[in-house]
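Heavy-atom basis, side chains included; hydrogens, waters and symmetry copies ignored. Counting from 1, the numbers follow the sequence of the chain as shown. Small disclaimer: the values here were computed from a predicted structure and weren't measured.
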Amino acid sequence: MKRHVFYFDMDGTLTHHRQQIEPDMIKKLRTLMKHGVIAVITGSKISDIEYQLNLESLKDILTERELNKLVLMPCNGTKIYQWSLALNEWIMTDGVTMKKNSHIDLQKLYRTIIKCQQILLDKENYMGNFEIQPDFIDYRGSLVNWAPIGRSSSLSQRQLFINLDNRVGLRDYAINLLQSMLLSDKAMSTQLEIAKGGQTSMDIYPKGWDKTFGLWHFKDEDHWFIGDACEAGQNDHQIYLTVKHKYDRPQAFKTKGPDHTLDIINNILKTFKEN
């Protein structure tokens, strides 16, 4: 009998954006662990997972069996961390990087992003009023994250950016701009994918290195997926569609936030109980 693997996005699904997981969610995940493995798959780095899932506290809360059932998949699942009892922590057991496992010219990509960033800053009525932070490019090994406002921006500045993005489609413009500037380089334009990540950034990675990459770590198991960014152009889209079309019954779900995620988990548990 196949084992169930429940893939969860993090920001906007298990947690509020950039916030820590709530006790109610931990309790519900522990109940779901009775039926399979919890795989947290996100575009974020492992350090973000450590903070948002509060892994130090989870070590004291979860049993050894439960720790073995919590798998961490940062960077779209291109890296996988599993529990090591001997080391008392999650260790990376597999992973790829753009430097070693792709033909992407990272320096050229960085320079092109910087040119696009300058255009956004110069464009009237776009980003002139924002407090821009300098950490707007973040290389995560298997993807590059571009956050025009900067990764370390304050919550108030992030909200202003989100409001503008919702109103004028700033990130859609930025993606189209970057794609157009890469057209002169055939290798770059054909080998890269760009998707909206979280609420304020874009993830840039080699084709095929979207979240469906994470399914291969448990390719022979029964897959479920819950995420909030499931529309075309968002970073949950491909894995959501893949799992949705793989099974006769619903096993892929779009959530509106952590509270809705709790309801989805309850419905999944109800399904197991009925069966």
Side-chain angles (χ1 to χ4, degrees), residues 4-22 24-26 28-29 32-33 36-55 58 69-81 90 138 140 142-143 145 147 151 158 162 171 193-205 209-218 221-247 250-268:
H4 298 290
V5 181
F6 304 97
Y7 291 85
F8 285 87
D9 172 52
M10 187 168 66
D11 272 329
T13 301
L14 290 178
T15 72
H16 294 288
H17 290 276
R18 306 292 292 275
Q19 304 300 307
Q20 289 192 310
I21 194 168
E22 298 288 343
D24 286 350
M25 184 65 73
I26 295 173
K28 194 62 64 176
L29 291 177
L32 192 59
M33 282 177 179
V37 171
I38 304 296
V40 180
I41 186 165
T42 172
S44 298
K45 299 177 290 187
I46 186 63
S47 58
D48 294 321
I49 296 178
E50 289 173 352
Y51 169 72
Q52 290 185 246
L53 296 190
N54 200 358
L55 292 186
L58 283 183
K69 286 191 171 187
L70 178 58
V71 177
L72 312 175
M73 294 186 178
C75 303
N76 286 350
T78 55
K79 301 177 182 179
I80 180 170
Y81 287 74
W90 283 267
D138 186 16
R140 300 177 180 173
S142 50
L143 65 83
N145 181 264
R151 291 285 303 169
R158 284 172 57 84
I162 293 166
R171 285 188 296 171
E193 292 186 13
I194 310 172
K196 295 177 186 177
Q199 293 179 304
T200 61
S201 65
M202 287 80 69
D203 291 333
I204 306 158
Y205 45 82
W209 291 19
D210 55 65
K211 288 186 179 181
T212 58
F213 195 106
L215 299 176
W216 288 98
H217 295 298
F218 297 101
E221 310 295 354
D222 186 51
H223 299 150
W224 300 69
F225 176 72
I226 301 94
D228 70 314
C230 300
E231 300 301 319
Q234 297 179 318
N235 66 355
D236 291 334
H237 181 64
Q238 292 299 328
I239 188 172
Y240 172 76
L241 288 184
T242 299
V243 176
K244 179 180 180 180
H245 294 148
K246 188 175 181 179
Y247 303 101
Q251 292 188 202
F253 307 91
K254 179 181 178 180
T255 180
K256 298 175 182 177
D259 290 341
H260 187 204
T261 299
L262 291 173
D263 293 335
I264 293 172
I265 296 174
N266 282 333
N267 288 333
I268 293 173

Decide whether N76 and T78 meet the rule of one side-chain donor and one side-chain acceptor closer than 3.5 Å.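 Side chains of N76 and T78: no pair found under 3.5 Å.
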Any idea which heavy atoms bring [X] and [Y] closest together, and the distance?
X    : Y    : value
A195 : Y205 : CB-OH, 3.7 Å
S44  : R140 : CA-NH1, 3.5 Å
I41  : I239 : CD1-CD1, 4.3 Å

For residues [X] and [Y], determine if any side-chain heavy atom of one lies less than 4.5 Å from a side-chain heavy atom of the other.
X    : Y    : answer
W209 : E193 : no
T42  : L14  : no
N145 : R151 : yes
K28  : T261 : no
Y240 : Q234 : no
M25  : P258 : yes
V40  : L70  : yes
F225 : D236 : yes

If you measure from [atom1] on [X] to [atom2] on [Y], what distance do you get to the nearest 0.5 Å?
X    : Y    : atom1 : atom2 : result
L215 : M73  : CG    : CE    : 8.0 Å
H4   : I268 : NE2   : CD1   : 10.5 Å
L55  : Y81  : CG    : OH    : 11.0 Å
I26  : E22  : CD1   : CD    : 8.5 Å
D210 : D203 : CG    : CG    : 10.5 Å
Y247 : T242 : OH    : OG1   : 10.5 Å

Apply the test side chain to side chain donor-acceptor pair (under 3.5 Å) to residues D11 and Q52: give CA-CA distance (whole Å), side-chain angles for both, the deciding distance (0.1 Å), then the verdict. CA-CA 9 Å; D11 272 329; Q52 290 185 246; 2.7 Å; yes
Would the number of heavy atoms belonging to other residues, nucleotides or ligands and lying under 6.0 Å from NZ of K246 be above 12?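 It does: K246 NZ has more than 12 such atoms within range.
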Is a side-chain donor or acceptor of [X] paired with a backbone partner of [Y] at a separation under 3.5 angstrom?
X    : Y    : result
H223 : A252 : no
K254 : C230 : no
R158 : T200 : no
Y7   : V243 : no

For side-chain contact (heavy atoms from CB on, under 4.5 Å), just list the numbers for W90 and L53, CA-CA rounded to whole Å, side-chain angles, deciding distance to a tenth of an Å, and then say yes or no. CA-CA 13 Å; W90 283 267; L53 296 190; over 6 Å; no
I21 and L58: CA distance, side-chain angles, deciding distance, side-chain contact (heavy atoms from CB on, under 4.5 Å) verdict: CA-CA 10 Å; I21 194 168; L58 283 183; 5.7 Å; no
Stepwise side chain to side chain donor-acceptor pair (under 3.5 Å) test for T255 and T13: CA-CA 6 Å; T255 180; T13 301; 5.7 Å; no
Output, in order, the C-alpha distance, side-chain angles, deciding distance and verdict of side-chain contact (heavy atoms from CB on, under 4.5 Å) for H217 and V71. CA-CA 10 Å; H217 295 298; V71 177; over 6 Å; no
Please state whether the rings of W224 and F6 are parallel, tilted or perpendicular, taking 30° and 60° as the class boundaries.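 It falls in the tilted class, 30° to 60°.
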Whether E231 and K196 form a salt bridge (side-chain N of Lys/Arg under 4.0 Å from carboxylate O of Asp/Glu) is what I want to check.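 Salt bridge between K196 and E231, a charged N being under 4.0 Å from a carboxylate O: no.
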